[in-house]
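Read through the structure below, which is laid out as structure tokens, and then see the notes.
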Amino acid sequence: MKILVTGGAGFIGSNFVHYLRKNYPDYQITVVDKLNQQGNIENLRPIMEEIAFHEFDLVEESKLLPIFEAGLDYVVHFAAETNVDRSIEDPDNFVSSNVLATNILLRLSRDHGVKRFHHVSTDEVFGSLELGTDDKFNETTPYDPRSPYSATKAASDHLVRSYFHTYQLDVTISNCSNNYGPYQVPENIVPVFTLMALNDKPLTIYGDGKSVRDYLFVLDHCRAIDLILHKGKAGETYCVGGGQEQNGIQIANSVLSITSKSTDLKKFVTDRPGHDRRYAIDYSKLEKELGYKPSVTFEEGLRQTIDWYQQNEEWWKPYMERFYVPQFMKEDVE
Ligand SMILES: NC(=O)c1ccc[n+]([C@@H]2O[C@H](COP(=O)([O-])OP(=O)(O)OC[C@H]3O[C@@H](n4cnc5c(N)ncnc54)[C@H](O)[C@@H]3O)[C@@H](O)[C@H]2O)c1
């Protein structure tokens, strides 16, 4: 099987490429990644000889075309601009990568007989849930994106569905919750808190620290995509969650406890504009139809993740020199 993984040098994409090498050693894997602030070629270094890697922006259609002309069975589309804070500062870039590039990939997939196009999306397209309720997002939840990031992901989901209905392209979509695990750049809560704790720096908690997210260990996410790609029904959407709801204060406390650091390292900072209060995922469709179940608790996954960061200092050290601080937080940390 010939498979194109877009965004395969990013956090989840690179974990998925490693997963494919291990579980489908006969697959011919091509990765396209423009290596933005989140993309890191080091994520693929150990398997570089075993895959075909191309560095370019997916909107450069002339560079993409020969890959499709050579024949592809599957496309798994991870590539996207993903940082919500960056989307507030520079939405244009998000429209290009998340919407325009997705349309180019869909059109080329349609025209070159791709057997399945799997689109990786987010639960952020559904908006926000109330704190203190048991409500959860599922496949029938209406779209209500709040940030330029989630709005562009919502647009791309609609485009993917339109190619199924209009052109009968075989597509599947997954909307997943917050991932954590190895190779995540310190722009998301788990790696930021981990690296701050390991370096005895303050753990900056947005707002009151009570916003809740569902946490999904990245290898469970890779298993879910494997199931959907190989066994999912064409045209269907599947919600993927970890079943582990946590707020910012809880995560800070867990990281400080696992790393044996003082709880005094917690620091509350200005909240993100339009910060959604709660996300939770009902993954029962994926469980019932394809047999998915998350394999680790948040506590176990967090220990494994912190262990990975402790053992891979050479990977994260460069990020400490160019730490990204969102505009709205600048005064708090200066
Ligand atoms: N990380 C999460 O918690 C999470 C949650 C829900 C959904 N998702 C979705 O999963 C996918 C992967 O997320 P991630 O956390 O690995 O993101 P990431 O930012 O770590 O990786 C994205 C990769 O895509 C590449 N890329 C972006 N635009 C590109 C373009 N125009 N051309 C070529 N390459 C491009 C980047 O260089 C980067 O390597 C995204 O589509 C995201 O929306 C992520």
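Ligands are counted one by one from 1 in listed order, and the atoms in each one are counted from 1 as well.
Assignment of S121 to the shell around ligand 1 is supported, since a heavy atom sits closer than 4.0 Å. Taking 4.0 Å as the cut-off, S14 does not count as a neighbour of ligand 1 on heavy-atom distance. Residue contacts with ligand 1: Y183 is excluded, as none of its non-hydrogen atoms falls under 4.0 Å. Using a 4.0 Å heavy-atom cutoff, F56 is listed among the residues neighbouring ligand 1.
Atom 28 (N) of ligand 1 has as its closest protein heavy atom S97 OG, 3.3 Å. For atom 16 (O) of ligand 1, the nearest protein heavy atom (residue, atom name, distance) is I12 N, 2.7 Å. Atom 43 (O) of ligand 1 has its closest protein heavy atom at Y149 OH, 2.6 Å. Nearest protein neighbour of atom 15 (O) of ligand 1, counting heavy atoms only, is F11 CD2, 3.6 Å. When only non-hydrogen protein atoms are considered, atom 5 (C) of ligand 1 lies nearest to S177 O, 3.3 Å. The single protein non-hydrogen atom nearest to atom 33 (C) of ligand 1 is K34 N, 3.2 Å, given as residue, atom name and distance.
For the pair Q38 and T82, the minimum side-chain heavy-atom distance is below 4.5 Å. By the 4.5 Å heavy-atom criterion applied to side chains, F217 and F298 are not counted as neighbours.
Residue contacts with ligand 1 for F94 are absent, since no atom lies close enough (heavy atoms, distance under 4.0 Å). Using a 4.0 Å cut-off between heavy atoms, H77 makes no contact with ligand 1 at all.
The contact set between ligand 1 and N179, taken as ligand atoms under 4.0 Å from a residue heavy atom, comprises 2 (C), 3 (O), 5 (C). Within ligand 1, counting atoms from 1 as listed, the ones closer than 4.0 Å to a heavy atom of T122 are 6 (C), 7 (C). Proximity to L35 (heavy-atom distance under 4.0 Å) selects the following atoms of ligand 1: 37 (O). Using a 4.0 Å cut-off to heavy atoms of A9, the atoms of ligand 1 that qualify are 39 (O). With ligand atoms numbered from 1 in the order given, ligand 1 contributes 11 (C), 12 (C), 40 (C), 41 (O) to contacts under 4.0 Å with heavy atoms of F78. Applying the 4.0 Å criterion to heavy atoms of D57 picks out, from ligand 1, the atoms 30 (C), 31 (N), 32 (N). Residue contact check: C176 has heavy atoms under 4.0 Å from atoms 5 (C), 6 (C), 7 (C) of ligand 1. Numbered from 1 in the order shown, with element, the atoms of ligand 1 that lie under 4.0 Å from a heavy atom of T82 read 13 (O), 17 (O), 18 (P), 19 (O), 40 (C), 42 (C).
Ring pair F117/H119 is parallel by interplanar angle, where below 30° counts as parallel and above 60° as perpendicular. Ring geometry for Y27 versus Y74: interplanar angle of 30 to 60°, hence tilted. F16 and Y19 have parallel rings, their planes meeting at less than 30° on a 0 to 90° scale where 60° marks the start of perpendicular.
Any N or O atom pair closer than 3.5 Å counts here, and A101 shares no such pair with ligand 1. Not one N or O of V59 is nearer than 3.5 Å to an N or O of ligand 1, by distance alone.
Atom CZ of residue R45 and atom CD of residue E42 lie 4.0 Å apart, to the nearest 0.5 angstrom.
Looking only at distances, no side-chain donor or acceptor of N199 sits under 3.5 Å from a matching main-chain atom of K201. A donor-acceptor distance shorter than 3.5 angstrom exists from the side chain of T122 to the backbone of E124, with no hydrogens or angles considered.
Comparing heavy-atom distances from atom 10 (O) of ligand 1 across V76, N36, V120 singles out V120 as nearest. When L58, N178, D33, T152 are ranked by how near their heavy atoms come to atom 23 (C) of ligand 1, first place goes to D33.
I225 and L216 sit in two unconnected hydrophobic clusters of ILVMFWY residues. Membership requires side-chain heavy atoms under 4.5 Å apart, directly or through other members.
Side-chain atoms of K266 and N253 form a donor-acceptor pair, as typed in the model, at a separation below 3.5 Å. There is no side-chain donor-acceptor pair under 3.5 Å between N36 and D57. Residues S156 and N98 have side chains that never bring a donor and an acceptor to within less than 3.5 angstrom of each other.
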### Message
I'd like to know whether K285 forms a salt bridge (charged side-chain N to carboxylate O under 4.0 Å, His left out) with E236, so could you lay out the CA-CA distance, the side-chain angles of the two residues, the decisive distance to 0.1 Å, and finally the verdict.
### Response
CA-CA 10 Å; K285 174 177 171 181; E236 292 290 313; 2.5 Å; yes
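Summarising the local packing, CD of E314 is surrounded by more than 12 heavy atoms from other residues, nucleotides or ligands at distances under 6.0 Å.
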